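Here the structure comes first, spelled out in structure tokens, and everything after it is commentary.
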Number of protein chains: 2
Amino acid sequence: MIREALPSWLHYYEKDSYHGENSAMPMQDETNDTVCPVARSVDLVGDKWTILIMRELYMGATRFEEMQIQTAATPQMLTSRLKALEANGLVERRPYNEKPLRYEYLLTDKGWDFYPVIYALRAWGEKWCKNPDEGLAVHFVHRACGHDVGVASVCPHCGDPVERKDLEAVISNRFLGERESRREAFKRK
Amino acid sequence: MIREALPSWLHYYEKDSYHGENSAMPMQDETNDTVCPVARSVDLVGDKWTILIMRELYMGATRFEEMQIQTAATPQMLTSRLKALEANGLVERRPYNEKPLRYEYLLTDKGWDFYPVIYALRAWGEKWCKNPDEGLAVHFVHRACGHDVGVASVCPHCGDPVERKDLEAVISNRFLGERESRREAFKRK
DNA sequence: ATATTAACTATGAAAATCATAGCGTCAATT
DNA sequence: AATTGACGCTATGATTTTCATAGTTAATAT
């Protein structure tokens, strides 16, 4: 007996059954009851676990276990969200090992394109959810000019709008340490 | 008997009990177990209803009923999320009428500052969740130069990074119609 | 008196999530 | 040969959250 693990509002569209720039959009069905792009996005990614998983993917994690460790999601949450992300075309699942069969998860173009949302969440969190003594969790350096862009979306030094691919991420020691200790705690369990 | 309506992971910080740029940040308690700004943001706004409510506030809605109509949230969801948004300093509740006592909800600076997240969700939705025949749900026109910025965060005409306050929103007829018919359906109920 | 407006509250049923444990396949170690 | 460890998951019952539907309250308008 299969237990449905996905919340019903978090839509899940089979590949190639929809139109849109990259074929992953609801057609005229009842779920598509709004033209609001925010509501449509939220229908695909509007929950905590999905957002944290996307963050991990941008952090470079590709494996189930690492995502489980860093997001603290239960395996069910992870499975259901990854399935939805795959069905919705943000993520691709691919075997990296044949025996035993093991999979990794990779961002698609559509998934990479979602990055500005995470970047904006980061900027807001860095500005409004911080103790005075804390530095940035991750520094982004504009490769073209070598300057730290802070939390801006336009390089404060050369004025160009920056995309993730133009930036070098430098993870703070505190954040690195935190991530490492989660790994250790998981192994000790 | 009070029934807790907020999911336990959606944090709720009493005013002035925390530090941060505008006093709304967890201190050293157990919930603040990460320096990741994305995780911290998600702890305050990482759910569907909160995002839709924020969207409505940016659309200009200030009233409980209008938000209920446009988000399709039940009154409980709305109440709990608005309380959290207020406690977390993104929204202010203010009486607009004394007898009977009626409240409206207004964005604070912290709430306005969240706009880039919604804008990024919009851009992604407009690019990836759209049928070919659909135009933009909302056009944003750069007041300074009179040009439509499309989905960009930098005006394609004058090259300036744009903020919400620099933009004139022009809601499409389709979106307007949809919103009006939700209102009618609600009244008929 | 009755209806209407608008911001909510109440309650039981349904759904989603959590906590904890376990499975299956393989390779390496004892 | 048996055990241990990796690692991507699945199973299950208890708990928490949400949904659907209805109702309350205070005041004005009819």
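Keep in mind that this is a model prediction, so the values were computed, not measured.
- C/dA19 atom C1' lies 16 Å from atom CG of A/L78, rounded to whole Å.
- Residues satisfying the side-chain hydrogen bond (donor to acceptor under 3.5 Å, both in side chains) test with B/R81, not counting sequence neighbours, are B/D47.
- Under the ring-ring contact (aromatic ring centres under 6.0 Å, His included) criterion, A/Y105 pairs with no residue at all, not counting sequence neighbours.
- Between B/V154 and B/D160 there is no side-chain heavy-atom pair separated by less than 4.5 Å.
- Partners of B/R55 under the salt bridge (charged side-chain N to carboxylate O under 4.0 Å, His left out) rule, at least two apart in sequence or in another chain, do not exist in this structure.
- Mapped onto DNA chain C by nearest heavy atom, A/S80 and B/L82 fall at different nucleotides, with B/L82 at the one closer to the 5' end.
- At D/dT18, one or more side-chain N or O atoms of B/R81 fall inside 4.0 Å of OP1 or OP2 (strictly under the cut-off).
- Looking at residues two or more places apart in sequence or on another chain, you find no salt bridge (charged side-chain N to carboxylate O under 4.0 Å, His left out) involving A/K99.
- Every residue two or more places apart in sequence or in another chain that forms a side chain to side chain contact (heavy atoms under 4.5 Å, CB included) with A/L176 is listed here: A/I171, A/N173.
- Remark: B/A84 pairs with B/L6, B/Y12, B/N88 by the side chain to side chain contact (heavy atoms under 4.5 Å, CB included) rule, at least two apart or across chains.
- At a threshold of 4.5 Å between non-hydrogen side-chain atoms, the residues B/Y119 and A/P116 do not count as touching.
- Taking every heavy atom of residues 55-62 of chain A and every atom of DNA chain D, no pair lies under 4.0 Å.
- Regarding A/M77, its CE atom lies at a distance of 15 Å from the P atom of D/dC9, rounded to whole Å.
- Side-chain proximity of B/S8 to C/dT17, D/dT18, D/dT16: nearest is D/dT16.
- For the pair A/W49 CH2 and C/dT17 C1', the computed distance is 9 Å after rounding to whole Å.
- When side chains are defined from C-beta on, A/R183 counts as touching A/Q70, because their heavy atoms get closer than 4.5 Å.
- Phosphate contact (OP1/OP2 of D/dG8, side-chain N/O of A/T79, threshold under 4.0 Å): absent.
- Listed by first and then second residue, the salt bridge (Lys or Arg N to Asp or Glu O under 4.0 Å) pairs involving residues 140-153 of chain A are A/R143-A/E168 (not counting sequence neighbours).
- At whole-Å resolution of the value, CG in B/L10 and P in D/dT16 are 17 Å apart.
- Contact annotation: B/W9 does not reach the phosphate of C/dA16 (side-chain N/O to OP1 or OP2, under 4.0 Å).
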Polar-atom pairs under 3.5 Å, protein N or O versus N or O of nucleotides 1-7 of chain C: list them with distances, or write none.
residue : atom : partner : partner atom : Å
C/dA6   : OP2  : B/E65   : OE1          : 3.4
C/dA6   : O4'  : B/R102  : NE           : 3.4
C/dA6   : N3   : B/R102  : NH2          : 3.0
C/dA7   : OP1  : B/Y96   : OH           : 3.1
C/dA7   : OP2  : B/E65   : N            : 2.9

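- Between B/D47 atom CG and D/dT17 atom P there is a gap of 12 Å when expressed in whole angstrom units.
- In this structure, the NZ atom of B/K48 is 11 Å from the P atom of D/dT18, given to the nearest Å.
- By the ring-ring contact (aromatic ring centres under 6.0 Å, His included) test, A/W9 pairs with no residue at all, sequence neighbours left out.
- Note: CG (B/L6) to C1' (D/dT18) measures 12 Å, nearest angstrom.
- For residues 69-76 of chain A, proximity to DNA chain D is found at A/P75, A/Q76, defined as any non-hydrogen atom under 4.0 angstrom from a strand atom.
- Not counting sequence neighbours, the partners of A/Y58 by the ring-ring contact (aromatic ring centres under 6.0 Å, His included) test are A/W112, A/Y115.
- Summarising the geometry, the separation between CZ on A/F186 and P on C/dA19 is reported as 14 Å, rounded to the nearest angstrom.
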